[in-house]
There are 2 protein chains.
Amino acid sequence: MAKSVKLSHSDELRESSRQQVFDAIREAGQIARIDIAQVTRISPATVTAITADLIAAGLIEEVSPDISRGAKRGRPRVALKIRGDAHTIAGMKLSHHAITTLITDFEGAELVCHEIPLPGGQLDPDALCEKIVTALDESCAQGGLERQQISGLAIGMAGVMDADRNFVYWSSSLNVRNIDFGSYLARYLSIPVFIDNDANLVAKAELLFGEGDKRSNFVVVTVEHGVGMGIVIDNQIYRGARGCGAEFGHTKVQLEGALCQCGQRGCLEAYVGDYALLREANVTSGVERHKDLASLYAAREAGDIMAQSTLDRAGRMFAMGLANVVNIFDPQMILLAGAQLAFGYLSSDKVVHEMRRSVLQVDGPLPEVRVHGWGNKMWAKGAAAHAIEEISALRIREVSGHAV
Amino acid sequence: MAKSVKLSHSDELRESSRQQVFDAIREAGQIARIDIAQVTRISPATVTAITADLIAAGLIEEVSPDISRGAKRGRPRVALKIRGDAHTIAGMKLSHHAITTLITDFEGAELVCHEIPLPGGQLDPDALCEKIVTALDESCAQGGLERQQISGLAIGMAGVMDADRNFVYWSSSLNVRNIDFGSYLARYLSIPVFIDNDANLVAKAELLFGEGDKRSNFVVVTVEHGVGMGIVIDNQIYRGARGCGAEFGHTKVQLEGALCQCGQRGCLEAYVGDYALLREANVTSGVERHKDLASLYAAREAGDIMAQSTLDRAGRMFAMGLANVVNIFDPQMILLAGAQLAFGYLSSDKVVHEMRRSVLQVDGPLPEVRVHGWGNKMWAKGAAAHAIEEISALRIREVSGHAV
DNA sequence: TTATTTTTTTTGAAACTCAAATTAAATAAT
DNA sequence: ATTATTTAATTTGAGTTTCAAAAAAAATAA
């Protein structure tokens with residue numbers, strides 16, 4: 001049965017020393033005990049005790065004398081790293097036409113990458129579950145694994161959902177609303193499953209695998225079919241009062257503006273979403289000239305004034321939406337992710353410049369803007385990151401009451 | 001010297017049991033040990049130990065047998081409460097034309113309320129410091145107190161500032177930018193001083209004195225001369241990457257819209273701020289008809305179409321801005337505070353309804369909207385709340401290493 | 001070889017926390 | 001009145017966690 005990993009509120013905030021040490025090791029990749037002590041401000045004595053427990057539990061391991069920052073003399077430091085073999089993890093990204101699965105070890109190293117097609121559109125929950133099981137089993141087979149060897153599976157999908165409860169309010173992959181999809185899946189799979197919004201998974205991937213030094217506060221904006229957002233505060237995904245997180249795509253950028261999929265007017269998505277762009281381009285030109293964004297983008301490159309105007313406005317609206325997020329959140333970094341960004345009209349210097357111009361200035365740096373034109377595989381890796389984090393937390397909590 | 005109370009990051013999150021117990025007592029007003037144990041999920045044994053320490057330190061006291069929830073029989077519960085005499089606290093609100101000072105005891109009960117006029121406009125830092133000292137000394141005199149008896153002073157002012165460093169980036173009360181006003185004041189006062197944005201102080205007041213049950217996530221929007229915002233996440237004030245918090249008034253609600261004080265276009269404040277309303281009303285009517293909001297509001301009541309249109313648009317823009325905050329933050333509650341709200345055009349049912357209409361719907365309640373038409377005195381009380389919290393945290397941290 | 005340096009481990013004590021037992025202080029029952 | 005019962009608060013003893021200081025380990029420099 002999928003194990004519920006809902007923590008009590010105070011536990012969530014109060015990160016145990018064990019977890020801190022483990023996180024420090026993962027963040028560094030390889031790190032000696034003395035450096036863990038320095039980074040976490042936990043005493044060397046305690047670090048020794050904790051790492052001994054974690055090694056005994058098989059979660060981390062020593063690696064041959066640390067080459068990196070070797071001191072001239074003295075006892076050489078012994079680096080520690082996550083033990084990749086500790087667990088096998090699966091991450092999945094549900095997109096419009098495919099399920100992409102990535103099986104990784106506990107360090108996040110890729111073991112298997114696999115993709116199966118989806119009929120497209122919104123599926124029946126049972127049908128989707130079967131597809132997910134198929135995707136998982138085929139991936140396992142490809143890696144010579146049994147399904148039961150997978151310690152955890154995380155699934156990322158577009159839509160509004162409460163990750164703590166694995167509850168999907170709405171998703172573009174499902175034809176029903178308000179479904180306890182976690183329990184549903186549990187009838188098909190007996191391993192722990194975690195479901196989350198895909199933008200949050202990008203955030204998780206950045207937290208776990210990103211180069212970020214101390215980027216505790218950042219915002220992820222995804223642009224695919226729609227526009228999504230993930231917010232990280234204090235190294236934790238922020239999920240509002242109802243647990244379903246931020247709806248950046250439906251922030252309003254124009255009073256009584258363009259009609260959105262959601263039925264409201266003036267949503268950002270109604271200006272920058274691909275369907276919105278095609279709608280406008282085709283309505284204004286009168287004929288169905290553009291079947292996809294590539295076509296529209298090519299027209300703009302070819303000097304088509306209509307196309308240019310449409311894309312430019314999208315860029316300005318996007319800049320305005322981002323500026324609002326910065327004015328409200330003041331993040332250290334904004335990460336733009338998604339395949340649509342490859343077209344560049346939302347991530348151009350012009351857009352970034354316009355965003356910066358619209359942010360109230362104080363002394364201090366404006367947020368860095370980074371762009372990732374992620375393919376499906378990287379989204380699946382984000383999902384794997386989520387599962388790794390959840391399973392880590394579970395196992396680390398089990399490492400208690402060990403005799404020294 | 002004003003003592004810096006900057007905590008390390010992990011300490012900030014990791015609330016000690018002592019602090020939890022203390023907070024539970026303050027939240028309840030009066031509460032028996034057994035109930036503290038229940039509320040905090042700390043064992044009765046530990047609650048006994050901790051409350052003994054707090055009593056020894058003089059921070060709390062027992063009150064005669066609890067009348068409230070008396071059980072039929074058994075040993076009667078003994079309620080505990082904050083010891084009002086433990087500390088004397090001062091809170092100040094700097095507004096355009098006055099400094100309002102409130103001296104309270106440690107429970108927040110008013111001892112002295114006092115106001116001195118300000119010349120208005122932006123002052124020289126030295127001049128403002130002198131005014132603050134005057135305000136404090138006169139208030140002390142009025143209450144028969146010595147300045148040194150004040151354990152802490154919190155000052156709320158409009159503008160952008162970093163409360164952790166007592167650093168003011170910009171304030172409508174000061175004629176210089178980027179000033180370490182805390183150190184400045186320390187030359188005039190030798191008691192601990194805390195400076196914060198006034199919207200955050202409203203949030204603190206709500207946290208400390210509000211009826212809120214478990215409102216861990218809420219947003220305060222203040223409307224006075226400008227528009228301010230305070231964000232509370234997990235019972236803590238959220239201060240972005242640069243420590244200066246949210247700039248709701250400068251979120252953009254219109255591409256290339258009305259010109260704002262800040263030099264940018266389309267800011268919310270440029271549509272709902274009092275100066276913006278008067279500007280528009282007077283420009284459109286051609287003559288200087290309205291000298292203040294009261295006049296404009298009266299005109300609208302009298303059926304003036306211009307006035308009505310101006311105020312209506314302000315309301316719609318405000319609703320749009322609020323909706324954006326809800327879409328991004330998903331707070332449990334929105335608290336509208338400020339004298340301007342008395343005019344009602346920003347807090348009408350129509351505005352609230354429009355805001356709700358603009359929020360993406362999921363199953364689950366939309367945020368409650370509450371309105372406080374606070375006068376200066378209540379702002380000062382918010383400041384006092386801030387000082388009480390800071391001083392509490394300081395003293396509680398001192399209560400360590402007591403023998404049982 | 002010996003001294004020095006640096007990392008890691010061991011050791012002993014302090015601080016916290018809690019379960020279980022005990023004590024305290026009331027009412028209900030006899 | 002006295003005893004039983006009930007509920008709150010406290011004490012006790014033990015288990016964890018953490019750290020400072022001391023000791024041990026493992027290298028290089030002299």
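Any value given below was found using the heavy atoms of this structure, including those in side chains, with hydrogens, waters and symmetry copies removed. Residue numbers begin at 1 in each chain, while the letters A, B, ... track the order of the sequences. Keep in mind the model is a prediction, meaning the values are calculated, not measured.
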Point to revise | Criterion side chain to side chain contact (heavy atoms under 4.5 Å, CB included) on I388(A) and H87(A), from CA distance to verdict | key: CA-CA 9 Å; I388(A) 289 175; H87(A) 292 284; over 6 Å; no
Show me the protein contacts with nucleotides 28-30 of chain C, counting only N or O atoms at under 3.5 Å.
from: dA28(C); atom 1: O4'; to: R73(B); atom 2: NH1; distance (Å): 2.4

Practice item. Please name all residues satisfying ring-ring contact (aromatic ring centres under 6.0 Å, His included) with F22(B), sequence neighbours left out, ordered by chain then number. Key: none
Review point. Whole Å only: how far is the CD atom of E62(B) from the P atom of dA8(D)?
Key: 15 Å
Review point. Are any of S17(B)'s side-chain N or O atoms less than 4.0 Å away from OP1 or OP2 of dT17(C)?
Key: yes
Check your understanding: P76(B) side chain: which of dA9(D), dA26(C), dA19(C) is closest?
Key -> dA26(C)
Check your understanding: For R33(A) and V47(B), take the nucleotide of DNA chain C holding the closest heavy atom to each; which residue's nucleotide lies nearer the 5' end?
Key -> R33(A)
Exercise for review: Please state how far atom CD1 in I36(A) lies from atom P in dC19(D), giving the value in whole angstrom units.
Suggested key: 14 Å
**Study point:** Nearest to side-chain heavy atoms of A45(B), which nucleotide of dT23(C), dA24(D), dT12(D)
**Key:** dT12(D)
**Study point:** Integer-rounded Å distance: dA8(D) C1' and D35(B) CG
**Key:** 10 Å
Review point. How long is the line joining CD1 of I42(B) and P of dT10(D), in whole Å?
Key: 15 Å
Check your understanding: Whole Å only: how far is the CD1 atom of I34(A) from the C1' atom of dA27(D)?
Key -> 15 Å
Point to revise | Between D234(B) and Y238(A): side-chain donor-acceptor atoms closer than 3.5 Å | key: no
**Study point:** Heavy-atom side-chain proximity of I55(A) to E62(A) below 4.5 angstrom
**Key:** yes
Point to revise | From dA24(C), dA24(D), dT17(C), nucleotide with atom closest to R75(B) side chain | key: dA24(C)
Review point. Any side-chain heavy-atom pair from R83(A) and E107(A) closer than 4.5 angstrom?
Key: no
Revision key, fill the gap. Against the side chain of P44(B), the closest entry in dT8(C), dA9(D), dT10(D) is dT10(D)
Point to revise | Gap between atoms CZ and C1', on R77(B) and dT27(C) respectively (whole Å) | key: 15 Å
Check your understanding: Does T46(A) have a side-chain nitrogen or oxygen under 4.0 Å from the phosphate oxygens OP1 or OP2 of dC19(D)?
Key -> yes
Practice item. May I ask you to check whether Q236(A) and S216(A) show a side-chain donor-acceptor distance below 3.5 Å? Key: no
Point to revise | Whole-Å distance separating the CZ atom of R41(B) from the P atom of dT17(C) | key: 16 Å
Revision key, fill the gap. By side chain to side chain contact (heavy atoms under 4.5 Å, CB included), L111(B) pairs with (sequence neighbours left out) T88(B), I103(B), D105(B)
Check your understanding: Rounded to the Å, how far apart are D53(A) CG and dT8(C) P?
Key -> 17 Å
